[in-house]
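The block underneath contains the structure these notes are about, expressed in structure tokens.
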2 protein chains.
Amino acid sequence: MARDGKPTRAKILAESKTLVFENGFSGTSIDQILARTGITKGAFFYHFKTKNALAQALIEEFARDDIGHMQEALQKTGELHSDPLDRLLQFIQEFVDLMSDLEDPPSCLYASYTYEPSQFEPEILEFISETLLTWRKTFEQLLENVLKEYNTKVEVDIAALSNLFTVIFEGSYVVSKALNDPALISGQLKELKNYFHLLFEKK
Amino acid sequence: MARDGKPTRAKILAESKTLVFENGFSGTSIDQILARTGITKGAFFYHFKTKNALAQALIEEFARDDIGHMQEALQKTGELHSDPLDRLLQFIQEFVDLMSDLEDPPSCLYASYTYEPSQFEPEILEFISETLLTWRKTFEQLLENVLKEYNTKVEVDIAALSNLFTVIFEGSYVVSKALNDPALISGQLKELKNYFHLLFEKK
DNA sequence: ATATATATACAGACTAGACGGTACAAATAT
DNA sequence: ATATTTGTACCGTCTAGTCTGTATATATAT
């Protein structure tokens, strides 16, 4: 055995994520990561065989946290609400709360990778796709439960509706970064809540 | 005078845009651009002093086209509709039509640049911000006209509503690329139309 | 208990190729 | 003839990745 390498690995991942959001992945050099962390090249390549292995570890960690938030919100709202529309609205509210009082605009690694796709192995891009589909499935389920007890006031495309949350999230991130307006995100999610609120009426 | 350099410049811009959407800006090398266009280094650096000058020309061209679409839609819908809500909905419909029957998911240079901001001069990032604000202003105007003749069924944040179009557009681009589903975009814009349709009621 | 063996974790010099950019000659059109 | 446009060789720097060696903590044998 030897000294514990986990803090080193964690530091690399944390600083790399920050750097990727500033520079993009291909714009982030390993030397930059070393400079920010104070770690040496030997240590870096001990923990990650290649730069692309870092990309994979980054996206896996990001997705784990992301899906974690989803499951947490599912659990919280599952306990409290018997009405499926209330639950859907509260589910979104959880993310309104999560995105309130941000100091800086956050970023999404899915979008970051998606805008320089050639830099990544196909598996990584597929992993992103699958993770987004997990979100869609969750929303499909929430919406189907609503539709058992509610009608919609206009005809809707359930598949499109299921994507809308992710779409608004990703779009908010982009626009909030571009305008440097971190408060924008929660505002957009509230509009989504409004839409669902208006869309459904009790059978 | 000498031979006409405009076709060369145009070819550089066109191929560069494609490459930036594949590789990101910093992931796109000048040699790659030369390989795709068949142009030589001397010609490239005659037309663009630095790689960053190319970035600026790219975003300016992109924004010109983008705002062009906006103005075209404004003009078209201004002629036809006396009712401001009809006009708003038709304005969105113009982009539903524009985004129908796409073969491949399109990309947005604003988002691309926004996810590697350190690669660009501050003026470029500000230019993006200003262009997005132009969209917001247009929507503010369209919405204010609606609000003169309509009430909203729930309280709304007019600023948030004004951003929603851009947010859904940017989000659709990201998700449509990530899922490789070009049809997604028009579907999401239709949901925005639905929202506005449900939100307003005649005074 | 203490010396030894061993796998883990890290340090840092080094390399081959790619990078953006330059210099300057050659070609082209008026 | 001359200004504009293009071709090509070249340069210094940065890049990801390699290599060899070293330090450290634990496991084992005595």
Side-chain angles (χ1 to χ4, degrees), chain A residues 1-59 61 112-113 116-124, chain B residues 1-59 112-113 116-121 123-124:
Chain A
M1 286 300 158
R3 355 201 311 227
D4 183 15
K6 278 170 197 162
T8 303
R9 193 187 139 95
K11 232 200 286 185
I12 293 172
L13 285 172
E15 287 299 329
S16 298
K17 193 170 72 173
T18 306
L19 280 166
V20 168
F21 288 146
E22 292 169 5
N23 313 326
F25 182 75
S26 74
T28 300
S29 72
I30 288 164
D31 284 344
Q32 276 179 309
I33 297 169
L34 304 185
R36 283 237 188 153
T37 54
I39 286 162
T40 60
K41 213 149 221 191
F44 179 89
F45 281 102
Y46 171 76
H47 286 285
F48 302 98
K49 264 179 214 153
T50 64
K51 198 190 175 195
N52 224 269
L54 171 67
Q56 183 153 352
L58 275 176
I59 199 79
E61 189 185 57
S112 179
Y113 283 21
E116 42 178 345
S118 75
Q119 308 295 328
F120 307 100
E121 316 273 337
E123 340 157 341
I124 288 184
Chain B
M1 283 295 159
R3 359 204 307 229
D4 184 14
K6 278 172 198 162
T8 304
R9 195 188 138 94
K11 232 200 287 186
I12 293 172
L13 285 171
E15 287 299 329
S16 297
K17 194 170 72 172
T18 306
L19 280 165
V20 169
F21 288 146
E22 291 168 7
N23 313 327
F25 181 76
S26 75
T28 300
S29 72
I30 290 165
D31 284 344
Q32 275 179 310
I33 297 169
L34 304 184
R36 283 235 189 155
T37 54
I39 286 161
T40 61
K41 215 152 217 189
F44 179 90
F45 279 103
Y46 170 74
H47 287 285
F48 303 99
K49 263 179 213 152
T50 64
K51 197 190 174 194
N52 224 269
L54 171 67
Q56 183 153 352
L58 274 177
I59 199 80
S112 178
Y113 282 22
E116 42 178 346
S118 76
Q119 309 296 328
F120 308 99
E121 316 275 336
E123 340 157 341
I124 287 183

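Letters A, B, ... are given to chains in the order of the sequence lines, protein chains preceding strands, and every chain is numbered from 1. Hydrogens, waters and symmetry mates play no part in the numbers below; they use all other heavy atoms, side chains included.
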Spacing between [X] atom [atom1] and [N] atom [atom2], to the nearest angstrom:
X        : N      : atom1 : atom2 : result
B/Phe44  : C/dA23 : CZ    : C1'   : 17 Å
A/Phe45  : C/dT8  : CZ    : C1'   : 19 Å
B/Lys51  : C/dG20 : NZ    : P     : 5 Å
A/Lys11  : C/dA9  : NZ    : P     : 15 Å
A/Phe48  : C/dC10 : CZ    : C1'   : 14 Å
A/Ile12  : C/dA9  : CD1   : C1'   : 11 Å
B/Gln119 : C/dC19 : CD    : P     : 14 Å
A/Asp4   : C/dC10 : CG    : C1'   : 13 Å

A/Lys41 near the nucleic acid: base, sugar-phosphate alone, or nothing, with a heavy-atom cut-off under 4.0 Å? base
To the nearest 0.5 angstrom, please state how far the [atom1] atom of [X] sits from the [atom2] atom of [Y].
X        : Y       : atom1 : atom2 : answer
B/Thr18  : B/Leu13 : OG1   : CG    : 11.0 Å
A/Lys41  : A/Leu34 : NZ    : CG    : 6.5 Å
B/Gln119 : A/Ser26 : CD    : OG    : 7.0 Å

Can you sort out which residues in residues 19-35 of chain B have a heavy atom within less than 4.0 Å of DNA chain D? Ascending by number, please. none
Just by distance, do the side chain of A/Thr28 and the backbone of A/Asn23 share a donor-acceptor pair under 3.5 Å? no
Side-chain donor/acceptor of A/Ser112 to backbone N/O of A/Phe21, under 3.5 Å: no
Would you call the rings of A/Phe120 and A/Phe25 parallel, tilted or perpendicular if under 30° counts as parallel and over 60° as perpendicular? tilted
Would you say a side-chain N or O of [X] is under 4.0 Å from OP1 or OP2 of [N]?
X       : N      : answer
B/His47 : D/dT4  : no
A/Thr8  : C/dC10 : yes
B/Tyr46 : D/dT6  : no

Report the C-alpha separation of A/Lys17 and A/Glu22 in whole Å, then their side-chain angles, then the decisive distance to 0.1 Å, and conclude whether the salt bridge (charged side-chain N to carboxylate O under 4.0 Å, His left out) test is met. CA-CA 9 Å; A/Lys17 193 170 72 173; A/Glu22 292 169 5; over 6 Å; no
Could you tell me which nucleotide pairs with D/dT13 by Watson-Crick or G-U wobble geometry, both distances under 3.5 Å, or answer none if nothing does? C/dA18
